[in-house]
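To start, the structure under review is shown below, and the notes come after it.
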Amino acid sequence: MGQFGYIVKQAARNISHTWSTQLMTLLTVSLAVLIFSFFFLVYTNMLKAGARLDDDLRIIIYLENEIVPEMQKQMRKKIKDYGEVEKIVFISKQDAFERLSRQLGNDRDVLNDLGPSFLPPSIEVYPEKNLKTLTQIKEFSDFLATLPGASKVQYGHNWMERLGYFTKLLRIIVMLSGALLLLTTVFIVSYTIRLTVVARHEEIEILRLLGANNAYIQGPLFIEGFLQGFLGTSIGIFSLYLLYHWIKSRFSGPDILNIFEFSFFPPSITFLIICTGLILCSGGSLLSIRKYLRI
Amino acid sequence: MTSTFKIAEDLEESRPIVEAVKVTKVYTPDVVALQDVSFRINKGEVVFLTGMSGAGKTTLLKLIYCLEMPTKGLIEVNGRDLSKITSAGIQRLRQTIGVAYQDFRVLPKVTVFQNIAMAMEVLYKEPKEIKSRINELLDMLNLLEKRHTPAGKLSRGEQQRVAIARAAANKPQLLIADEPTGNLDKTISARVMELFKQLNESGTTVIIATHDETIFKDSKNMVLDLHHGQLSF
Ligand SMILES: Nc1ncnc2c1ncn2[C@@H]1O[C@H](COP(=O)(O)OP(=O)(O)O)[C@@H](O)[C@H]1O
Ligand SMILES: [Mg+2]
């Protein structure tokens, strides 16, 4: 058995001596990781959904009357003078009617008696991507409402606004749970290691007298923190994965979740979270070792 | 009890393992435990350190294994000046010294076997070697049946033997025994002295602090006699 074997054996011995505390620490770390990664998962999915909505963000101006081609040029100029626009599409009554009947597919028969006249003509404005904030979009749409012949402007603002607030709120929650993760892992782990140091106080003193080197005394404590980090984070992430699947199977259906395309972390992020947990827990044990095992 | 230890003059190689020059130790605030103590112990010797309780024997031993630092004077172990030693140096030094402490310093909740094994594990010895060495020592010290008993459950005399076995486990270059027979009866004392003799024959230098005259009075070995912290020859 080499040096490393002894250190691992010693670590196992320590853990088995204070196993109930170790278990509590493990649970705390797992729970902290679970809470953080849960909110982080929701947050990243929210951002993705937001980006998707932004991509097909358009402002629709419903008009009272059809616009003749000369007027269209003028309108185009007016809109472009106000702000940068990716594209402007004029939809006549006829265009709107065709689009609707395409959307209805096999049910298009219902339109037979109606004809294109009941649908209002409209202008669809696709703002530049740099027009990101909701206030900017709101200002823009307020301006568009003042165009001659405009009867109503629509951009799904309720939906967007709510998503925006929710994302902001989530960001705060993610940061808070991140802070919680940081505090619990570093302090709980360093506290547990401190307990081990206190419990082994007599033994460590004797080991020093026997000429044990630093690796022999500190190694097991470091391994203890490392193991707590590795197991705790893995359990936390794995629980989240189970939770994710459970939610998906319970609430899956063509409607709600598919809009969001709720998805789990890619392997790289999973790996990153585990590494962070490892680093935090090892850091916690180093903190204790430096503080209580000065040599 | 007659001792058959080798004496220093018999040894061809007589390099010092411990050398002290005018060593003084004052415990704060003003307890003078040792005063201007000078001596030299050569490799392979057996030395008795005697004197009444409070004479400074334990203090002198502590200076040798670096648990205390001298207030004044020079002390060298294995040619190393202990005033300039690093913490890694102390670790290496202690790996070559086996100490049976006056207050035993055994872990009460840990078995006899494990208490002794600690000393060998620190040097990363193989489990097989540890087991056979410990069984050999426990057999010699009449403790074999107690090997799985927590040390705290043992009598003082038994704990003392655990401490001695631990000090001897690695067959160290230097063995220090602080009052090793203080709690032992005659026959067991003889076994302990037999163990020290065996170690000495295989090259270990032995320093025994004691106020028990019977274990050194007839021997030809070096005796350092302390009186109120001063050596008298
Ligand atoms: N840590 C200490 N602090 C203060 N005084 C001490 C300490 N250790 C020992 N002494 C004192 O130093 C003197 C020598 O003690 P010690 O070396 O233990 O003697 P011995 O081992 O010969 O009985 C005694 O007077 C003792 O009270
Ligand atoms: Mg003493």
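Here is how names work: the chains are called A, B, and so on, in the same order as the sequence lines, proteins then strands, and each is numbered from 1.
- Distance CZ/A:R208 to OG/B:S87: 9.0 Å, rounded to 0.5 Å.
- The neighbour count for B:M69 CE, taken as heavy atoms of other residues, nucleotides or ligands under 6.0 Å away, is above 12.
- Sorted by first then second residue, the ring pair (Phe, Tyr, Trp, His ring centres under 6.0 Å) pairs that include residues 62-110 of chain B, not counting sequence neighbours, are B:Y65-B:Y101.
- Listed by chain and number, the residues in a side chain to side chain donor-acceptor pair (under 3.5 Å) with B:R80 amount to none (sequence neighbours excluded).
- Shortest non-hydrogen contact noted between A:Y6 and B:E121 is CE2-CG, 3.3 Å.
- Closest approach of B:R105 to A:L209, counting heavy atoms only: NH1-CD1, 3.5 Å.
- No part of B:L93 comes within reach of chain A, as not one of its non-hydrogen atoms sits under 4.5 angstrom from that chain.
- Put simply, the side chain of A:L210 reaches to within 4.5 Å of the side chain of B:R166, judged on heavy atoms.
- Residues of residues 219-241 of chain A lying under 4.5 angstrom from chain B, judged on non-hydrogen atoms, do not exist here.
- For residues 140-177 of chain B, no pair satisfies ring pair (Phe, Tyr, Trp, His ring centres under 6.0 Å), with sequence neighbours left out.
- Here CD of B:Q91 is found 11.0 Å from CG of A:L207. Values are rounded to the nearest 0.5 Å.
- Atom OH of A:Y191 has 12 or fewer neighbouring heavy atoms from other residues, nucleotides or ligands inside a 6.0 Å radius.
- A distance-only check finds no donor-acceptor pair linking the side chain of A:Y216 to the backbone of B:L123 [under 3.5 Å].
- Shown here for B:P108 and A:E202, the closest heavy-atom pair between the two residues is CD-OE2, 3.9 Å.
- A heavy-atom distance below 4.5 Å is found between the side chains of A:I206 and B:L107.
- At a threshold of 4.5 Å between non-hydrogen side-chain atoms, the residues A:R13 and B:Q114 count as touching.
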